[in-house]
Amino acid sequence: MKCRLNGAEAMSNPLSIIIEVAVPLPLDSTFHYRVPASLARQAELGRRVLVPFGKRKVTAYVLGHAATSEHQLVDILDVLDEQPLFTPQELKFYRWAAAYYLHPLGEILKAALPAGINQQSGRKGAAVTPGTAPAELLTGGQRIKTETVYRLTPGATVERSPRGKAALLLDHFRTGGEYSATELRRLFADCTAPLRRLAELGLVHSRQREVYRDPFKDVIFDRDAPLPLNPEQSAALHQISDAMAAGRFQPFLLFGVTGSGKTEVYLQAIAQLLPLGKTALVLVPEIALTPQLVNRFKRRFDCGIAVLHSGLSTGERYDEWRRIRRGEVSIVIGARSAIFAPLERLGIIVVDEEHEGSYKQNEGFRYNARDLALVRGKMAHACVVLGSATPQVTTWHAAHAGQVTVLPLPHRVNGQPLPRAEIIDMRQRRGELIMPPLAAALTDNLAAGGQSLLFLNRRGFATWLTCAECGQVLRCPNCAVTLTYHQRRNRHCCHYCDYSIPAPSVCPACNGPVTHFGIGTEQVEARLRELFPAARIDRMDRDTTSGKGSHSRILQRVAERQTDILIGTQMVAKGHDFPGITLVGILSVESTLNIPDFRSAERTFQLITQLMGRAGRGSEPGKVMVQSLNPEHYALTFSCGSEIDGFYRCEVDFRREAGYPPFAFLAALYLTGTAGEAVEREARLAADKLLAVRRRAGTRLEILGPAPAPLAKLRGRFRWQILLKSRNRTELHHLLVDFRSAYLAPAGIRLQIDVDPADLM
DNA sequence: AGCACGCCGACT
DNA sequence: GTCGGCGTGCTC
């Protein structure tokens with residue numbers, strides 16, 4: 001091997017330590033540095049170091065020691081942490097993720113650590129004011145918050161004992177312990193003056209104590225006790241306990257209908273784990289769902305519970321992270337990024353609502369927390385519980401293939417039967433927003449004093465063209481998305497690319513009569529006010545919830561029964577329970593079903609099933625009505641008939657036939673840039689290069705695309721996507737690795753790789 | 001990602 | 001004659 005002079009030089013000095021580091025830059029390789037003797041003991045795995053990198057200085061993460069290096073070695077400048085930020089086990093996990101997602105390790109490490117730990121750039125120097133902060137355990141970045149606490153000075157005496165309030169305070173201090181001014185004020189009202197006197201007399205002294213920014217500091221939690229379990233819950237708990245007791249990795253699917261008591265199973269499983277000194281990680285799909293879950297956990301457990309999600313302030317997140325790293329926490333609850341929580345001795349990872357797409361990160365390091373949970377669980381010998389009423393098709397298939405243990409919870413804890421839904425054929429009366437059967441049901445429900453929820457999938461005033469005869473929808477020939485009607489131009493336009501056609505008067509496919517179809521929440525609201533002038537109608541969508549607190553205000557009105565009919569988009573489908581809702585209407589399921597994604601049927605099934613689960617009050621099941629232009633679609637018939645397994649069997653057959661997951665693996669390459677034509681040209685070039693690599697490798701890879709993607713999301717940046725599909729994961733992976741190492745993105749164009757993307761739009 | 005070097009157009 | 005455009009190449 002070509003070992004340069006400097007390599008030999010490095011080897012000739014056996015005393016110099018060489019470390020391997022990763023830098024948080026889009027670079028695949030790791031780098032080697034020499035450690036001066038003065039820093040030798042500190043430059044250990046998991047700590048950050050400051051290194052010269054080209055002409056600049058960067059922070060780097062120490063991955064471990066290296067025996068030798070072929071390169072000209074340079075000394076590190078400094079060690080930035082007093083303690084490692086990650087353990088060797090965690091590094092192993094991050095290394096796996098870097099290889100699997102083809103993402104630079106340094107960037108992954110940076111993404112996994114709390115943002116507050118990074119040195120803030122610029123302004124006033126991030127230097128911690130000297131003297132105020134105690135020696136930090138973890139240096140750099142966010143200020144560590146402190147408070148002043150007072151305690152008795154041992155052995156201090158004075159000639160004249162203080163009187164009055166000062167005497168009371170002194171007695172309090174004599175019981176031992178440290179108290180902050182706030183705590184003392186709570187006990188003795190205003191006591192600043194006597195406290196100052198005690199300090200002046202030398203009877204008490206103060207010091208700075210580190211405090212955590214606690215996102216729940218003002219919330220008081222009532223205790224609660226474990227609830228009795230039904231036989232299915234007990235059976236599920238026993239299977240999980242067995243795996244936990246054996247300390248082995250085992251994946252479970254807690255397959256429970258809405259209201260079947262999944263959370264109680266999580267709680268009792270974790271309760272068994274805590275006495276063993278083990279820890280638990282609970283992932284939830286959305287920030288909005290954390291408070292209610294945290295509430296249940298805090299009421300049940302005395303142990304340290306941390307919350308991690310992007311809704312916390314940088315300081316709060318940094319503090320929560322430090323509490324976890326120091327082992328002060330046994331349970332972590334959080335959104336997808338919580339999969340990187342520095343918990344040790346993990347016993348269980350719960351992924352609640354495992355089918356939710358929000359577990360997928362679609363920017364930068366494109367990981368899926370649900371998938372990483374299984375990997376982390378396996379590495380930690382922990383059990384992984386995937387909970388859902390409507391699991392992913394791939395999860396269901398894995399369960400049937402025996403790779404995941406199914407824990408069925410088919411009954412609701414309140415004994416309420418599963419609702420059935422009625423499908424209303426919309427083809428007969430086009431242009432009608434609310435079909436007669438739904439209007440009649442609304443009238444009845446209003447008369448009975450029940451509340452109704454009308455669900456409509458997003459898009460303010462979107463209108464598209466459908467045919468009354470064949471039910472066909474006008475689509476973009478490039479992107480396969482439905483064309484949106486623009487009244488002003490009287491044309492149908494694609495929102496992805498620039499394609500548009502003049503509005504036709506007959507169906508291009510069968511010459512049948514065409515109707516502008518498509519409803520926005522505002523139109524629905526207007527129509528409802530016509531139909532039910534006396535009803536109290538409210539709307540919940542992105543427009544009405546933009547203001548701070550408006551979200552909860554709308555929900556509050558529903559809870560207080562001040563709303564008779566609530567019209568909502570996506571955001572009402574998940575999360576919050578509406579106990580008073582006895583009628584749910586899905587106004588047009590088409591907007592979900594028509595998304596050109598092989599998962600659209602799965603998504604529709606999940607949406608309907610979730611909404612059905614929300615309907616009903618007490619022991620009364622609610623009524624669900626689904627309006628559709630495609631009433632025979634299997635996603636509708638199975639979900640409306642509550643034939644859960646029927647849907648999955650049908651869907652798995654379709655996936656097998658069409659070659660989609662779980663029978664094929666997917667990846668997407670994204671090329672983005674500010675110049676549209678350049679991006680398109682490059683995407684076509686890249687697709688050709690991929691074809692060439694494929695031919696050389698002899699893999700059976702399918703390339704779908706390139707296709708353009710929405711621009712709005714990307715703030716003026718153009719994005720083209722190349723989809724890759726393969727029956728063989730390894731082949732696909734090798735092809736991506738080969739391609740990426742050979743590909744050089746031209747200036748102004750960025751390449752991103754997404755392995756098994758959740759969105760295939 | 002930065003930050004260099006490098007080779008071609010309009011300016012004091 | 002230089003200042004500056006951003007093309008491409010490297011960072012232990």
*asked:* Students often mix this up, so state it plainly: with edges at 30° and 60°, are the rings of A:Tyr660 and A:Phe598 parallel, tilted or perpendicular?
replied: parallel

What verdict does the side chain to side chain contact (heavy atoms under 4.5 Å, CB included) test give for A:Lys110 and A:Leu25, after you've listed the backbone C-alpha separation in whole Å, the side-chain angles of each residue and the deciding distance to 0.1 Å? CA-CA 10 Å; A:Lys110 193 182 174 186; A:Leu25 293 171; over 6 Å; no

Calculate the interatomic distance between [X] atom [atom1] and [N] atom [atom2]; express it in whole Å.
| X | N | atom1 | atom2 | answer |
| --- | --- | --- | --- | --- |
| A:Leu73 | C:dT11 | CG | P | 13 Å |
| A:Phe31 | C:dC12 | CZ | P | 7 Å |
| A:Glu682 | C:dT8 | CD | P | 11 Å |
| A:Ile76 | C:dT11 | CD1 | C1' | 17 Å |

Less than 4.5 Å apart, side chain to side chain, heavy atoms only: is that true for A:Arg727 and A:Phe663?
yes

Quiz item: On the ring face of A:Phe739, is A:Lys689 found with NZ or CZ under 6.0 Å from the centre and within 45° of the axis?
Solution: no

Assign A:Pro746 to base, sugar-phosphate, or nothing according to its heavy-atom contacts below 4.0 angstrom with the strands shown.
nothing

>> Looking at the base of C:dC12, is there any donor atom on it, or on the side chain of A:His71, that sits under 3.5 Å from an acceptor on the other one?
In response: yes

Less than 6.0 Å separating the ring centroids of A:Tyr367 and A:Phe340?
yes

Q | Heavy-atom donor-acceptor pair, A:Asn728 side chain to A:Thr730 backbone, under 3.5 Å | A | yes

Protein-proximity profile, nucleotides 1-8 of chain B, B/S/- by nucleotide at the 4.0 Å heavy-atom cutoff, equals BSS-----

